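Written out below as structure tokens is the structure these notes cover.
Note on naming: letters A, B, ... go to the chains in the order of the sequence lines (proteins, then strands), and numbering restarts at 1 for each one. Remember, predicted model here, so these are calculated numbers, not experimental data.
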Protein chains: 2
Amino acid sequence: MKHQITIKDIANKLGLSTSTVSRALKDHPDISPKTRTAVKELAGLLGYRPNRIALNLRNNSTRTLGLIIPEIEHYFFSAIINGIEEVAYKNDYSVMVFQSNESYKREVINTQAVLTNRVDGVLVSFSKETRDFSHFQRLIDNEIPVVFFDRVTEELQADQVVADDYQGAFLAVNHLIEKGCRRIAHFAAPQTLTIGKSRLSGYHDALLKHGIPYNPSLVVLADTFETAKKAAHEILRKTERPDGFFAVNDMSAIAIIKAARELGIRVPDDVKVVGFENSKSSALIEPELTSVDQFGFELGREACLLLLKRLKDDDDVSEFKPVKKVIKTKLVVRGST
Amino acid sequence: MKHQITIKDIANKLGLSTSTVSRALKDHPDISPKTRTAVKELAGLLGYRPNRIALNLRNNSTRTLGLIIPEIEHYFFSAIINGIEEVAYKNDYSVMVFQSNESYKREVINTQAVLTNRVDGVLVSFSKETRDFSHFQRLIDNEIPVVFFDRVTEELQADQVVADDYQGAFLAVNHLIEKGCRRIAHFAAPQTLTIGKSRLSGYHDALLKHGIPYNPSLVVLADTFETAKKAAHEILRKTERPDGFFAVNDMSAIAIIKAARELGIRVPDDVKVVGFENSKSSALIEPELTSVDQFGFELGREACLLLLKRLKDDDDVSEFKPVKKVIKTKLVVRGST
DNA sequence: CTCAAAATTTCAACCGATTGCAATTGTTTT
DNA sequence: AAAACAATTGCAATCGGTTGAAATTTTGAG
């Protein structure tokens, strides 16, 4: 990088001290109008920009947020990043993005990276592998505000922002039942993730409400396209095949639709399918997928707003009370049901 | 943030000077083994981590890269970010992400933000609106290495990484012709973007090769789902409708397939469609979309590698020769042709 | 036991900006 | 004209770490 114009350059050229220049630039009342204009003029002329790093050092703040996320290449997460970046941008914060790639080990390294980079706060959605949360506890111990979103845990004293997974699942399954389904399968996420548990429990309670017995053999762990495709093939070949599917995400739901087509089973006539995410893809496939919108953009926005709020009132650390923000979901009905 | 352990804390506790501690921590030969181990031990005990900001200030380097991108919420770009983050991670760099949201004005602000944040280098794919490139020139004037990817320009002396758009388009249209199409429409991107021009020219030359006259009325500006859907409806209703489509991206291609279905036109029997991107969605729709894979992940990797190379040999600034790296594309044939 | 060489440690400046306090200049009052 | 006061400006420390050069201590040879 080229030599950047510093306050010292301006001071020298005008025969002033750096302190005077500094004060002149920020309209300190002590400075005479004459020198103030002179300083500002020259600063403009030379294209002076304050050195953020020097300010970071002095203020012990970087105006930067860390974002630790499993995979960027996933509609839901990219929507969240979008929401986060939007809020950060409006509040003059920058965002550093770190991917864990669903790897616990890499996630630990990511937490070290955010510490090293001295970010002011961190937004986290942890990996599927993560069981131990001590690396996040280390952030909290350093009094770096952390907000968890989507993938959250009760093990830590930290803010959370989640979609209303239980409500979404309940809506979805209720909808299937009202459409006439009686034998509804659930393609679930790992039960180590809160979203896995909540969505299963919404599924369970919706069945209960309509007096349909809960049948564990209809619940399968399948939260990716590949696993879901395989599982759907198996379960659809059984003699007593399901007449409805509630999938934990859109990719799994789409895999089910594809599997059904391959087996000559009609959607929605023979089998109805509901996904969770309301991704772009859900409107592209045929039939279009009924899905629970979990408003990733809003979720990201809320998470970032909450974090910025924490950064503002960071004084009352002693009486810290974690907040759990729940974003309502919405069922978007399309051709697959 | 809590008080962080500094080199001074260690120095005080051991009755040493900060310089000794500093040198001890980095195995300077001047330091006696005794003090070295003592310092390292205490540092480990207290959980000392060097303050990156202080180092940034001294070294005038942040080990941070800036990334300016139109929209994260787009498969191709998120794949690119993935590739960039991967390379940055392996080389111990962090990535700051800024979205322009396809807005020129916001993009200008983004370039200011990367300047303010004193990133070591910048990766850019500019917005559709951008005609004037002086904000990027300002980065170059500040001798901040800039690498453009996907959306590039010849107006600036800067490195570029692009997919082989011409080749990809040629492959696609050639494929359509070999499959029997004679009246091929092209849904194009704005001709202000190099990708728009290159893909059109590949389309043009493939027609030429097979002796099919170029017909401007078959070229339509339509690079989003909505515009393409509308345009497809219009063109498919004409008496002399096309028998093949080459779309500038997958979203447009999928819109064409949907429009055809709505009009009762069969794909691929009546009309064949090829997209560009090979996004996840292309394998989800029915029929699956034939598409040109532009390897977003690799493109991001290459762009980042090129930038890091520039950062390494930043000495020979005088004899700067911009590099243009072209990533070969590949036609992935599926059910839509 | 002395003195120089070697080993070890400290001093001080620096990166760029901020800020309390001291110092300088200019103005007014008596 | 001197004292008192206000208006400006400069000094120096600070943030945390690095590094050339100086200062100190240790070691070993004569």
Handout entry: side-chain N/O B:Y48 vs D:dG17 OP1/OP2, d < 4.0 Å
Key = yes
Problem - Short side-chain N/O contact from B:K8 to OP1 or OP2 of D:dC15, under 4.0 Å - result: yes
How many whole angstroms separate atom [atom1] of [X] from atom [atom2] of [N]?
{"X": "B:I31", "N": "D:dT25", "atom1": "CD1", "atom2": "P", "answer": "16 Å"}
{"X": "A:N60", "N": "D:dC15", "atom1": "CG", "atom2": "P", "answer": "10 Å"}
{"X": "A:L55", "N": "D:dT14", "atom1": "CG", "atom2": "C1'", "answer": "13 Å"}
{"X": "B:Q4", "N": "D:dG16", "atom1": "CD", "atom2": "C1'", "answer": "12 Å"}
{"X": "A:I53", "N": "D:dG17", "atom1": "CD1", "atom2": "P", "answer": "16 Å"}
{"X": "B:I10", "N": "D:dG16", "atom1": "CD1", "atom2": "P", "answer": "13 Å"}
{"X": "B:R58", "N": "D:dC15", "atom1": "CZ", "atom2": "P", "answer": "17 Å"}
{"X": "A:N56", "N": "D:dG17", "atom1": "CG", "atom2": "P", "answer": "15 Å"}

Handout entry: Strand-adjacent residues in residues 33-43 of chain B, judged by heavy atoms under 4.0 Å from DNA chain D
Key =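 Nothing qualifies; none.
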Practice task
Side-chain contact test, heavy atoms from C-beta onward, threshold under 4.5 Å: evaluate it for A:D141 versus A:F136 and give yes or no.
Solution key: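 A side-chain contact under 4.5 Å is absent here.
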For residues [X] and [Y], is any side-chain donor paired with an opposing acceptor at under 3.5 Å?
{"X": "A:N59", "Y": "A:S61", "result": "no"}
{"X": "A:D9", "Y": "A:H3", "result": "yes"}
{"X": "B:S103", "Y": "B:E129", "result": "no"}
{"X": "A:T35", "Y": "A:S32", "result": "yes"}
{"X": "A:Q99", "Y": "B:N82", "result": "yes"}

Is any NZ, NE, NH1 or NH2 atom of the basic residue among [X] and [Y] found under 4.0 Å from an Asp or Glu carboxylate oxygen of the other?
{"X": "B:E85", "Y": "A:R106", "result": "yes"}
{"X": "A:K324", "Y": "A:D159", "result": "no"}
{"X": "A:R151", "Y": "A:E102", "result": "yes"}

Problem - Helix axis bend for the helix from C:dC1-D:dG30 to C:dT30-D:dA1 - C1'-based end axes, five pairs, 10° rounding - result: 80°
Problem - Close approaches to DNA chain C from residues 14-27 of chain B, in residue order (heavy atom, under 4.0 Å) - result: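 B:G15, B:L16, B:S17, B:S19, B:T20, B:R23 - these, ordered by number, are the residues of the stretch whose heavy atoms sit under 4.0 Å from the strand.
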Completion exercise
Contacts of A:T64 meeting side chain to side chain contact (heavy atoms under 4.5 Å, CB included) (sequence neighbours excluded), chain-then-number -> A:T62, A:S94, A:M96, A:V119, B:M96, B:N117
Practice task
Using a 4.0 Å heavy-atom cut-off across all strands, classify B:L57 as base, sugar-phosphate, or nothing.
Solution key: base
Exercise for the section: Looking at every strand, decide which applies to A:D30 at a 4.0 Å heavy-atom threshold: base, sugar-phosphate, or nothing. Expected result: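 A:D30: base contact, heavy atoms under 4.0 Å.
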Handout entry: Span of DNA chain C in contact with chain A (heavy atoms, under 4.0 Å)
Key =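 Range of nucleotides within reach of chain A: C:dC15 to C:dG20.
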Handout entry: Straight-line distance of B:C304 SG to B:Y93 OH, nearest 0.5 Å
Key =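 Output value for this atom pair is 9.5 Å.
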Exercise for the section: Report yes if the distance between the aromatic ring centroids of B:F126 and B:Y104 is under 6.0 Å, otherwise no. Expected result: no
Practice task
Go through the structure and list residues passing side-chain hydrogen bond (donor to acceptor under 3.5 Å, both in side chains) with B:T194, not counting sequence neighbours.
Solution key: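 Per chain and number, B:T194 pairs via side-chain hydrogen bond (donor to acceptor under 3.5 Å, both in side chains) with no residue.
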Handout entry: NZ/A:K40: more than 12 non-hydrogen atoms of other groups inside 6.0 Å
Key = yes
